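Report on one structure; see the data block that follows.
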Amino acid sequence: MDARFDVPPELLAWDGDVPRARRLQAELATRVLLRDDFPPWRRLAGVDVGFEEGGAITRAVAVLLDADSMQPLAEVVARLPTRMPYIPGLLSFRELPAVLAALAQLPDVPDLVFVDGHGVAHPRGLGIAAHLGVMTDLPTIGVAKKILVGSHGPVGPRRGDRAAVMHRGHLIGTALRSKDGIQPLIVSPGHRVSHATAVQCVLASGRGYKLPEPTRLADRLASRRDRPR
DNA sequence: GCGACAG
DNA sequence: ATCTTGTCGC
């Protein structure tokens, strides 16, 4: 039984009209839920995107893992022609078509999805993790390596140390040290998860690396680090 | 007006 | 993201 998502394509339509896309983001952002709706999660998924042919092909990877053992249960890849360039703030319009195609190939629907990029830590509150969550209604968490908007104070040097990421007077995410002495990750809720739970999930799914296991495994395949030359 | 700007 | 080898440091 494949994972199925009834996703209205207009929620992801790209026609070159940047202002229109931004308005759509602001509208969809009102549908984001920052509460924990239905934990615990048994099956986790990690998704990430890479490019081939000089950017002409978008390659999305989705990995399904058992939440207890953190062992991969399935890994799928989807390749679609790239339809738009990277525009800061509009990343989801560029990458989600391929991500949705990959998720649809998983043998089961995940209970929680880790996305490479921001959740609500976005200019209009709708980073790629939040956009994916609203479209599929799946709980999602955004895990980014760099800040897009907002700022935070100093973060302690040890794993687990954190600092709130604020933007326009509001909490939008957490700068989290996922490993001793490594640059902190920026964690933010995507959908149906609270700020506190998003952080706990990232720490709980860590295996000693900087990235949480779902993201790390998806990242390896998306960037072709699985098959070194 | 200038600089910043997830992946 | 991607182009790319070795190298410094925990």
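Because only heavy atoms are used, hydrogens play no part in the values below, and waters and symmetry mates are left out as well, while side chains stay in. All chains are named by letter (A, B, ...) in the order of the sequence lines, taking the proteins before the strands, and each is independently numbered beginning at 1. Quick caveat, the model's predicted, so the values are computed rather than measured.
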Could you list the donor-acceptor pairs under 3.5 angstrom formed between side-chain atoms of residues 50-57 of chain A and any protein atom two or more places apart in sequence or on another chain?
residue	atom	partner	partner atom	Å
A:E52	OE1	A:R79	NH1	3.4
A:E52	OE2	A:R59	NH1	2.7
A:E52	OE2	A:R79	NH1	2.1
A:E52	OE2	A:R224	NH2	3.3

Counting the atoms with a prime plus P, OP1 and OP2 as sugar-phosphate, which does [X] contact under 4.0 Å by heavy atoms, base, sugar-phosphate, or nothing?
{"X": "A:L90", "answer": "base"}
{"X": "A:I147", "answer": "sugar-phosphate"}
{"X": "A:G54", "answer": "nothing"}

Compile the donor-acceptor pairs under 3.5 Å between side chains in residues 144-152 of chain A and protein atoms, sequence neighbours left out, one pair per line.
residue	atom	partner	partner atom	Å
A:K145	NZ	A:D116	OD1	3.1
A:K145	NZ	A:D116	OD2	3.2

Report summary line: A:Q183 atom CD is separated from C:dC10 atom P, nearest whole Å, by 15 Å
Query raised in the report: Taking it one step at a time, do A:L100 and A:L132 satisfy side chain to side chain contact (heavy atoms under 4.5 Å, CB included)?
Result: CA-CA 8 Å; A:L100 289 168; A:L132 175 66; 3.7 Å; yes
For nucleotides 1-4 of chain C, print each protein N/O atom paired with a nucleotide N/O atom at under 3.5 Å, atom names and distance only.
residue	atom	partner	partner atom	Å
C:dT2	OP1	A:F51	N	3.3

Query - Canonical and wobble pairing (Watson-Crick, G-U, under 3.5 Å) of DNA chain C, dot-bracket with | - result: ..........
**Report entry** Residue pair A:L44 / A:A67: nearest heavy atoms and the distance that separates them
**Finding:**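 Closest heavy-atom pair between A:L44 and A:A67: CG-CB, 3.9 Å.
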Query raised in the report: Looking only at heavy atoms, which two atoms of A:K210 and A:S178 are closest? And how far apart?
Result: O-OG, 2.6 Å
Query raised in the report: Does anyone know the first and last nucleotide of DNA chain B in reach of chain A, 5' to 3', at under 4.0 angstrom to a heavy atom?
Result: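 Extent of the interface on DNA chain B: B:dC5 to B:dG7.
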Query raised in the report: Between A:H191 and A:T136, is any pair of side-chain heavy atoms under 4.5 Å apart?
Result: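 A side-chain contact under 4.5 Å is absent here.
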Query raised in the report: Can A:R42 and A:D66 be counted as an ion pair, charged N to O under 4.0 angstrom?
Result: no
Query - A:D137/A:R192 ion pair, N-O < 4.0 Å - result: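 Salt bridge between A:D137 and A:R192, a charged N being under 4.0 Å from a carboxylate O: yes.
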Query - Passing candidate, side chain to side chain contact (heavy atoms under 4.5 Å, CB included) with A:P212, options A:L217, A:V202, A:I141 - result: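 Only one of A:L217, A:V202, A:I141 forms a side chain to side chain contact (heavy atoms under 4.5 Å, CB included) with A:P212, namely A:V202.
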Expected list for residues 89-98 of chain A: side-chain donor-acceptor pairs under 3.5 angstrom, two or more places apart:
residue	atom	partner	partner atom	Å
A:S92	OG	A:H131	ND1	2.8
A:R94	NH1	A:M84	O	2.7

